[in-house]
Amino acid sequence: VPHTRLGVPVPLPANETRALLVRFGSSESGYIFPAMRIWSPENLASQHVRETGLMGFLFGGFFLMGVFALIAALVTRSRLFFLYSLYVFSKITCWATILGYTHQFVLREQMHWSLMSISGALTIVLGLVFARQFLQTRRYTPRLDYLVLAMIANAGLLMLAASLQLKTLALITITLALLMYPLMIPIGLVRWRQGQIGAGMFSLAWSFLVLGLMMQALRDLGLVPHSLLTYSWPPVASFTEMLTIMFAMALQMRRLFADKNLAEQRYREHLEFAKSRLAEEVQIRTRELEQAKRVAELEARTDPLTGILN
């Protein structure tokens with residue numbers, strides 16, 4: 001059945017019972033959490049339309065945020081906006097692959113588990129690099145910056161393991177990545193306590209993402225049922241994260257522009273004050289020179305001992 005998830009047709013006439021035996025297996029290490037559901041064709045098509053419509057809205061929002069950030073990067077030559085645009089665009093490929101759209105529309109015959117790991121690792125790397133640049137951990141929290149670098153290195157190792165199809169290593173690194181991902185929340189709070197106005201909103205945005213990933217893990221483990229809510233919660237949380245971070249960036253840029261304008265105003269005031277002081281000094285020196293000139297002329301015309309004109 002053409003769908004983002006694996007589906008097979010099962011003809012079942014009314015008032016008839018049929019026993020189905022489904023076998024799941026894998027010759028490699030990893031986890032499989034099957035969740036099966038029986039749909040009527042009409043309900044499956046209706047559900048698919050709702051899911052696809054919601055995902056289309058989210059992907060369109062990701063794309064617009066990425067384009068706006070890229071334009072801002074080209075105009076302002078800001079590395080932060082450029083990293084944000086890369087992070088947003090990677091979200092599209094990541095969620096499209098995780099949710100099954102890649103293997104439904106693009107790689108129909110060549111889909112492999114490593115593609116999900118590679119796209120996820122790329123998003124993790126870009127997200128952490130952006131977070132490191134946004135929070136400026138290297139400059140203000142150098143000890144915590146080592147932790148961020150370790151997370152980036154782990155995500156890079158995950159990408160390498162997935163590219164080489166080393167499933168055991170990929171499983172270990174993705175587990176470490178998911179366990180360390182929430183650590184960016186307290187790091188953002190530390191920067192917020194240090195005075196960075198957008199860091200608190202960044203922590204809030206990262207919390208949305210972590211909650212979405214937790215929901216996806218609970219769903220895959222079978223602890224919560226599969227539904228439109230649990231299916232769409234992770235990408236919606238990711239979308240909310242990026243939207244909140246954009247607001248945080250806007251607040252930070254507003255603060256930077258305000259500081260810049262204040263510095264320019266102080267510079268102009270200092271320049272005007274220096275100019276007035278210079279004019280006053282010039283007037284004082286001019287009067288002193290005129291006085292010295294009169295004294296010199298008087299001394300030149302008279303005898304210094306008798307006071308008689310020469």
Side-chain angles (χ1 to χ4, degrees), residues 55 57-98 118-141 144-145 147-149 151-153 155-156 158-159 177 180-192 194-213 234-260:
M55 294 305 114
F57 171 79
L58 296 179
F59 290 163
F62 281 133
F63 181 76
L64 289 178
M65 285 189 285
V67 170
F68 289 154
L70 184 59
I71 293 175
L74 295 176
V75 173
T76 62
R77 296 182 180 180
S78 171
R79 183 184 179 187
L80 183 65
F81 279 105
F82 181 70
L83 291 175
Y84 178 85
S85 66
L86 292 180
Y87 185 30
V88 174
F89 288 139
S90 71
K91 291 272 188 177
I92 299 177
T93 59
C94 178
W95 285 116
T97 305
I98 292 175
I118 291 173
S119 61
L122 178 62
T123 301
I124 293 174
V125 169
L126 292 176
L128 292 173
V129 171
F130 165 78
R132 184 170 181 253
Q133 178 72 20
F134 180 79
L135 297 176
Q136 297 181 325
T137 55
R138 180 181 180 183
R139 179 178 180 182
Y140 295 104
T141 55
L144 294 177
D145 186 63
L147 179 59
V148 179
L149 290 176
M151 297 167 65
I152 295 175
L158 168 61
M159 190 182 304
M180 292 190 297
Y181 223 51
L183 296 178
M184 291 305 303
I185 299 175
I187 293 177
L189 292 177
V190 170
R191 290 290 295 117
W192 176 66
Q194 290 178 344
Q196 185 178 0
I197 186 172
M201 191 168 291
F202 171 86
S203 295
L204 178 63
W206 209 265
S207 300
F208 291 144
L209 176 62
V210 171
L211 289 176
L213 296 177
V236 169
S238 183
F239 180 83
T240 307
E241 172 219 1
M242 299 309 299
L243 196 61
T244 308
I245 287 179
M246 176 169 280
F247 281 116
M249 292 174 61
L251 286 177
Q252 185 158 321
M253 293 303 296
R254 182 180 179 182
R255 175 76 174 271
L256 291 176
F257 280 123
D259 292 343
K260 178 183 177 182

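When reading the values below, keep in mind they use all heavy atoms of this one structure, side chains included, and skip hydrogens, waters and symmetry mates. All residue numbers refer to positions in the sequence shown, counting from 1.
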Where is the tightest heavy-atom contact between Ser238 and Trp95, given as atom of each residue plus distance? OG-NE1, 3.1 Å
Rounded to the nearest 0.5 angstrom, the NZ-CG distance for Lys91 and Leu126 is 10.5 Å
So CZ of Phe202 and CZ of Arg191: to nearest 0.5 Å the spacing works out to 11.5 Å
List in chain and number order the residues that pass ring-ring contact (aromatic ring centres under 6.0 Å, His included) with Tyr87, two or more places apart in sequence or in another chain; answer none if no residue qualifies. none
Give, for atom OG1 of Thr93 and atom CG of Leu122, the distance between the pair rounded to the nearest 0.5 Å. 6.0 Å
Between Tyr84 and Gln133, is there a side-chain heavy-atom distance shorter than 4.5 Å? no
pair Leu70-Phe81: side-chain heavy atoms closer than 4.5 Å: no
Measure the spacing between OH of Tyr140 and CD of Gln196 and express it to the nearest 0.5 Å. 8.0 Å
Taking side chain to side chain contact (heavy atoms under 4.5 Å, CB included) as the criterion, tell me which of Ile185, Leu135, Ile187 meets it with Ser203. Ile185
Has the side chain of Ser85 got a donor or acceptor atom that lies under 3.5 Å from a matching backbone atom of Ala69? no
In short, Thr240 meets Phe208 closest at the heavy-atom pair CG2-CD1, 3.5 Å
State the CE-CE distance between Met184 and Met151, to the nearest 0.5 angstrom. 6.0 Å
Nearest 0.5 Å, please: how far is CZ in Phe59 from CG in Leu64? 13.5 Å
Give the minimum heavy-atom separation between Gly212 and Ala237, together with the two atoms involved. CA-CB, 3.7 Å
Taking the side chain as everything from C-beta on, heavy atoms only, tell me whether Phe134 gets closer than 4.5 Å to Ile245. no
Which heavy atom of Val148 sits nearest a heavy atom of Leu128, and at what distance? CG1-O, 4.1 Å
Intermediate values then yes/no, side chain to side chain contact (heavy atoms under 4.5 Å, CB included), Thr141 and Gln194: CA-CA 10 Å; Thr141 55; Gln194 290 178 344; 3.5 Å; yes
Ile152 and Val125: which non-hydrogen atoms are nearest, and at how many Å? O-CG2, 4.2 Å
For Tyr181, the ring-ring contact (aromatic ring centres under 6.0 Å, His included) test, sequence neighbours excluded, returns Trp206
Distance-minimising heavy-atom pair for Gly120 and Cys94: CA-SG, 3.8 Å
Hey, are the side chains of Arg132 and Leu149 touching, using non-hydrogen atoms and a 4.5 Å cut-off? yes
Determine whether Phe89 and Phe63 make a side-chain contact, defined as any pair of heavy atoms from C-beta on separated by less than 4.5 Å. yes
